[in-house]
Structures are given as C-alpha cells and as structure tokens.
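Below is one structure, written out as structure tokens, with a few remarks after it.
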Amino acid sequence: MQTLAPSDTLHQHFPQGLHFSLLKSSKTHQETQQLHAFSLKTGIFTHLSVSSRLLSLYADPKINNLRYARSVFDRIQHPTLVLWNIIIKCYVENQRSYEGISLFAELLAHFLPDEFTFPCVIKGCAKLNALKEGKQIHGLVLKLGFGLYKFVQSSLVNLYSKCGEIGSAQKVFDEIDEKDLILWNSLLDGYARCGEVKVAMKVFEEMPEKDTYSWTVLIDGLAKSGEVETAREIFEMMPKRNIISWNTMINGYMKAGDVNSARKLFSQMSTRDLITWNSMIGGFELNLRFVEALEMFERMLKEEFRPSQATLVSVISSVSGLASLAKGRSIHSYIVKNGIELDGVVGTVLIEMYSKCGSIDSALAVFRTINHKKLGHWTAIIVGLSIHGMAEHALKLFLEMRKIGVKPNAITCVGVLNACSHAGLINDGRGYFKMMINEYGIKPTIEHYGCLVDMLCRAGYLEEAKGTIEEMPMRPNKVIWMTLLSGARIRGNTKIGEYAAYHLIEVAPETIGGYVVLSNMYAVAGEWDKVSKVRDMMKKRGLRKEPGCSLIEHRGMHHEFIVGDKSHPQTKEIYSKLSEMREKLKLAGHIPDTSQVLLYIEEEEEKEAELEHHSERLAIAFGLINVDAGCPIRIMKNLRVCNDCHSVTKLLSKIYSREIIVRDNSRFHHFKNGLCSCKDFW
DNA sequence: GTAGGGTTAG
C-alpha cells in the first residue's frame with residue numbers, strides 16, 4: 001500500500017495527473033483494488049480519467065472482476081459511450097449476457113451505439129440464443145448504417161450460425177467482401193451445428209485456409225449427424241490436432257454409443273484436461289455404463305484432477321442409475337468437504353439421486369440446505385415426493401413454490417399430477433391439469449396425459465380414461481396403453497383390458513408386460529383357453545417373462561435375489577428366517593392371498609416357487625438378519641410387488657418394528673407400523 | 001481509454 005499510494009500530503013501538492021500515471025501501467029487485481037480504495041479516499045475517483053481507468057482495469061480479461069467493474073460504473077455520474085461498451089462487454093464475457101443486453105437497452109436512452117457496441121451485444125444474443133433480440137439489433141445496425149463494419153458483420157454471421165438460422169448467416173456472409181478465416185469458421189460452425197454436414201463439407205473444401213478450429217468443428221458436426229466413421233477419417237487427416245480435437249472425437253464416439261473406441265482414444269492421449277475426463281464420465285453415464293463412470297471418476301481423483309460441476313452431475317446421475325445409496329452418500333460427503341455449492345444443477349441431481357436411491361428424507365434434507373432454490377430444485381423434490389407417494393407434502397411444496405413466484409415447467413407438472421395419481425387425489429389432479437394449461441400456458445405432453453389416465457384408472461373411471469386416450473392430441477404410446485390395461489385388470493374389466501392390450505401389442509409387440517397382465521386377467525376370470533392363447537402368442541414371438549429380482553445394498557455391497565434363490569452364502573440363515581417370518585405372520589392372522597399364484601403364467605420353476613420365496617421376501621429376510629436395527633431396510637425390485645407380498649411386508653414392518661422401503665418398477669413403498677405409504681393404491 | 005470467432009463435457 002505504501003509504495004503504491006502516495007500520502008495525502010503528496011496528493012495535495014500533485015494534481016490527479018500523478019495518480020493517473022500510477023494507474024496507467026498494467027496492474028494486478030490487488031493493486032487495482034488498492035488504487036480503487038485510494039482514489040475513493042482522496043476523492044480523485046470523481047475524475048473521469050481515474051474512474052474510467054479503474055473500470056477498464058477491472059473489466060480487463062486479466063483481472064475480470066465484474067462485480068467491482070459494475071460498482072465503479074455505477075459511481076460514475078455520466079459514463080461515456082466507451083464506458084458503456086466496456087461494461088456491456090464485461091457482462092457478456094462473464095456469461096451474464098442477459099444483463100449485458102439490458103444495459104444495452106439502457107444505453108439507448110443516452111447514446112447512439114457505435115461500431116464497438118454492436119459486436120459485444122450481438123455476441124451476447126448469440127450466447128443466449130436470443131434470435132429475436134438479435135434480429136432487432138440487426139435492424140438497428142442497418143438503420144444506423146453500421147452494416148458494412150467488418151466486426152459487426154462477423155458478429156452477425158456468428159449470431160445466425162449459433163441460433164440455427166443458417167440461411168441468414170449465409171446471406172450476411174455473402175455480402176462481405178474480404179472474408180477471413182474467422183468468418184469462414186463461423187459459417188462452417190453454423191452448418192455443422194444445424195446438421196447440414198454435406199454443406200459443411202462443401203464450405204470446408206472451399207475455405208482458402210483452415211485451422212485446427214475448422215477441422216474440429218467439422219468433426220463435431222459429422223459425429224453429431226451420426227457419421228462417426230467419417231469424423232474419424234477427418235480426425236486422422238488433420239494436419240495438427242489439439243486436445244479439443246481429441247475431446248471432440250471422444251464425444252463423437254460416446255454419442256454414437258461406441259464406448260470402446262472412446263476408451264481406446266482416451267488411453268492414447270498423452271495429456272488430458274478436465275473436459276477429457278468429463279467427456280468420458282458423461283459418456284459412460286449417457287450409455288448407462290454407470291459402474292465405469294464411477295471407476296473413471298475414482299481414477300480422475302487419483303490423478304489429482306478437481307471435478308467440476310459437470311463431473312459431479314454425471315457422477316451423481318450414475319449413482320442414481322445404480323441406485324446405490326452408499327456410493328451416493330460418499331459422493332455427497334466429498335461435495336460437502338470440498339465446499340461445492342449446491343445452488344446449481346448439482347443440488348438438483350443430488351435431490352434426484354437421494355429420492356431415486358430410496359432416501360426421501362436425505363433428499364428433503366439437501367433441499368432444505370439450498371439457499372437460492374431454483375425451479376430445478378423444486379421440481380426434483382416434488383417429483384421425488386410423488387414417486388414416494390408423499391402427495392400431500394409434494395402439493396404443499398408446490399403451493400409454496402407458487403407463492404414465492406417460481407413458475408413451474410412441464411416436468412414440475414408431471415410431478416404434481418403424478419403425486420395426485422399415486423395418492424388417488426383425482427379431483428385435485430383434474431384441477432392441476434387445467435391450471436397447468438390455463439394459468440401457466442403449458443401444453444400438456446403425453447406424460448401429463450399419462451398421469452391423467454392413471455388417475456382415472458385408479459379411481460375406476462375406465463370409460464373416462466379410455467375417452468381421454470381417444471381424445472388426446474397425440475398418438476398413445478405403450479405407457480398409456482399399459483396404464484389402461486393395468487387399470488382394467490385391477491377392476492376386472494376384461495372388455496377394456498382386451499382393448500388396451502390389443503393396442504399395446506400393436507404399438508410395442510416386444511413389451512412383455514402387456515401379455516402378462518392380459519393373461520393374468522383371463523386367469524382371474526377363469527378363461528383358461530384365452531390364457532393359453534396369450535401364452536402361445538408369447539412363445540411364438542420368443543418372449544419370456546422377466547424373472548422377479550430384488551436387490552438390497554448392505555455395507556456398500558449389492559445382494560441380489562431371484563425367486564427361490566439358494567445361491568447366497570447366507571442361504572441357511574435366510575431360509576430359517578423365512579420360517580420364522582411364516583410363523584409370526586400366521587400368528588398375526590395373515591392368510592396368504594393365493595390368487596396371485598394363479599396369475600403367474602410362467603413355467604415350472606415359478607409354479608414351484610411359493611409366495612414366500614418371492615425375491616423380495618428373501619431380500620427382507622436378508623435385511624432382517626443383517627441391517628442394523630433402527631436403519632430402514634431398502635429393497636429395489638425390477639417388477640411390480642404382488643398383492644400378497646405387499647400385505648405381508650406391511651405386517652412384517654409392524655411385527656419386527658422395522659421400516660422397509662421397496663422400490664418397484666414405478667414407485668417407492670414405505671412400509672412402517674403395518675401401513676404402506678401408497679395406501680394400498682399402486 | 002474499447003475492437004471479430006473460440007469449437008469439445010454438463
């Protein structure tokens with residue numbers, strides 16, 4: 001401080017010229033701040049020369065402190081056009097283009113923009129994909145006669161390329177006399193981005209010169225249009241490759257689902273950057289190779305790379321895919337230890353992860369710690385609560401969200417409707433469906449109609465559900481038909497069941513569920529000839545029912561059980577626990593619901609398997625033996641829980657005073673004190 | 001005392 005800031009006495013003798021010269025040479029952030037403080041203290045800040053210099057120092061890419069730049073700017077009483085330009089640019093460069101564009105609108109009240117203003121603000125529009133605003137500004141450019149300025153033209157080509165208006169980009173491009181590499185690259189980028197690879201190739205060939213950027217943009221375009229092989233050829237032909245080209249190629253493979261080629265490329269790289277790791281981890285996750293994604297993450301940490309938000313998003317999503325609560329908790333603690341903010345997408349996927357892993361309590365805990373809750377966080381927790389059957393809580397949060405003025409999107413509404421349907425709140429559901437359309441202007445998608453149909457089916461309004469399906473503006477998919485079919489089965493309505501099954505088999509002949517539900521329905525109705533007809537149909541098409549399978553995680557290990565499984569090392573204990581369970585259930589007055597046995601259309605092995613050897617019972621027995629008292633027993637099941645297992649699990653939760661959480665193929669059941677969170681509605 | 005594109009992961 002002493003060396004930089006002259007004392008107040010010195011200042012009295014020398015006018016601002018001295019300080020100006022002090023300000024002039026290049027400065028570090030700290031020095032700039034000291035000068036800033038000094039100029040405020042002594043009052044020389046009021047000299048435009050000083051404040052301007054401070055502003056440009058803060059806005060300089062080397063220092064790039066938007067907050068301080070803005071505070072300097074705000075203190076200047078009459079900023080010049082140059083200063084407006086600087087502050088707008090600073091916003092755009094700091095990914096806050098939206099505010100940059102607002103400032104531009106403010107600027108218009110004081111000045112006419114110049115040839116330096118336009119490139120900045122147009123770049124901001126390009127970054128935001130704000131085509132409408134961009135076009136308005138283009139109009140202003142023409143009106144004010146800046147249409148022939150090189151940098152303005154360049155930024156326009158870039159704008160239209162980025163926003164997918166390649167025709168307009170080409171038009172501006174054609175009007176330019178002297179085209180340089182940057183301009184060609186912008187155009188090439190535009191064609192590659194909008195999937196016009198053929199034209200992109202042509203542009204590429206026409207280009208008088210090319211740099212690594214040009215080659216890379218082309219590779220990316222080819223890979224994204226599904227031509228990975230051509231992309232690889234271009235990659236091999238490149239005269240000079242940089243790390244971005246390698247990363248682009250890896251991504252191309254990952255997008256194409258060619259995980260092995262991506263991995264091979266990765267192993268050949270001599271240097272890797274954060275994006276390389278993220279591409280690999282994100283690629284594994286994209287291709288549902290969750291275990292490999294997590295292994296890659298471990299390796300990344302070992303090689304001392306610091307994960308970014310993007311890394312964590314992929315990693316946490318992989319954990320959700322594996323439904324491994326233990327892994328999820330360990331990554332969460334990594335995040336806490338490293339002081340990583342949860343206010344962004346990381347918070348959202350963390351909430352999702354906990355709810356998908358069965359711990360809605362942890363999801364709620366994360367939700368509560370987030371300071372600036374954004375739509376994504378609200379949506380994640382509402383959807384989470386809805387799949388856990390906690391409709392009241394979900395709706396309460398939805399109201400709270402609306403109260404503070406957060407506008408729901410289509411996905412939030414799926415959560416809300418799903419909550420209503422899982423809890424049988426049909427009137428609320430209908431109301432929210434209307435509210436979504438009228439109040440928020442959200443066009444219902446097939447998922448929303450799915451919730452509506454589900455709601456109606458659960459309430460037994462099968463004809464109305466059928467009518468809704470017939471009147472929807474889109475073609476029903478297999479989920480819709482499956483919903484109607486299940487509804488028909490629960491109500492024993494064979495007529496609608498056949499109708500739904502017929503359509504289901506038409507839309508998705510490979511979906512096993514349809515045949516199974518149909519044949520079960522016939523079995524209950526005693527129509528055995530039809531049962532065997534369905535069975536023959538399945539055989540002819542080579543379809544087999546997926547065996548029921550339950551999974552339980554214990555001390556970071558997964559234990560998997562199928563019906564009548566005897567392969568587990570603890571089999572002896574598990575089966576003796578099962579006998580004990582049988583006795584206790586009998587004492588509690590449980591009468592097995594054998595109607596479900598009939599419903600199994602599968603062959604010998606399943607006929608033999610008695611209800612009490614259903615995979616979830618084995619998993620529960622394992623849980624009762626191994627999971628510490630006081631901790632919930634968490635089970636994941638690939639199929640729907642059968643009626644008998646559902647009532648047994650309720651009883652067991654009371655008999656053993658244990659919380660049992662079961663995830664079936666569509667939702668969670670929380671069994672506690674003899675009751676289930678689904679209120680027997682599933 | 002300002003000045004164009006910035007490609008790849010999410």
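Residue numbering restarts at 1 for every chain, and letters A, B, ... go by the order of the sequence lines. When reading the values below, keep in mind they use all heavy atoms of this one structure, side chains included, and skip hydrogens, waters and symmetry mates.
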DNA chain B: 5'-proximal contact among A:Ile86 and A:Ser245 (nearest heavy atom): A:Ile86
Ring centre gap for A:Trp215 and A:Phe204 strictly below 6.0 Å: yes
Nearest to the side chain of A:Phe151 - B:dT8, B:dG4, B:dG10? B:dG4
Tell me if a side-chain donor or acceptor on A:Ser154 pairs with a main-chain N or O of A:Phe151 at a distance below 3.5 Å. no
Nearest to side-chain heavy atoms of A:Pro119, which nucleotide of B:dT8, B:dA9, B:dG4: B:dG4
Looking only at B:dG10, B:dT7, B:dA3, the nucleotide nearest the A:Tyr213 side chain is B:dT7
Counting only side-chain nitrogens and oxygens, does A:Lys162 get under 4.0 Å of the OP1 or OP2 atom of B:dG5? no
Tell me whether the OP1 or OP2 atom of B:dG1 has a side-chain N or O from A:Asn85 closer than 4.0 Å. no
Which nucleotide in the list B:dG1, B:dT7, B:dG4 gets nearest to the side chain of A:Ile182? B:dG4
Out of B:dT7, B:dG4, B:dG1, which nucleotide sits closest to the side chain of A:Arg53? B:dG1
Between A:Lys89 and B:dA3, is there a side-chain N or O to OP1/OP2 distance below 4.0 Å? yes
Quick one: label A:Lys123 by what it contacts on the DNA or RNA (base, sugar-phosphate, nothing), any heavy atom closer than 4.0 Å. sugar-phosphate
To the nearest Å, give me how far apart CD1 (A:Ile122) and P (B:dG5) are. 10 Å
Distance check needed: B:dA9 P versus A:Arg272 CZ, whole Å only. 18 Å
Which of B:dG4, B:dG6, B:dG10 is nearest the side chain of A:Asn158? It is B:dG6
What is the nucleic acid contact for A:Ser279, judged by heavy atoms within less than 4.0 Å: base, sugar-phosphate only, or nothing? sugar-phosphate
At 4.0 Å (heavy atoms only), tell me whether A:Thr216 reaches a base, stays on the sugar-phosphate, or touches nothing. base
For the side chain of A:Lys255, counting heavy atoms from C-beta on, which of B:dG4, B:dT2, B:dG10 is nearest? B:dG10
Heavy-atom neighbours of A:Ile411 CD1 exceed 12 at 6.0 Å: no
Base, sugar-phosphate or nothing for A:Asp211? Non-hydrogen atoms, less than 4.0 Å. base
With a 4.0 Å cut-off on heavy atoms, is A:Asn185 in touch with a base, just the backbone sugar-phosphate, or nothing at all? base
Options B:dT8, B:dT7, B:dG5, nucleotide nearest the side-chain atoms of A:Thr248: B:dT8
Taking the six-membered ring for Trp, are A:Phe367 and A:Trp378 ring centroids under 6.0 Å apart? yes
If I take atom OG from residue A:Ser314 and atom CD1 from residue A:Ile281, how far apart are they, to the nearest 0.5 angstrom? 7.0 Å
Out of B:dT7, B:dG4, B:dG1, minimum distance to the side chain of A:Val82 belongs to B:dG1
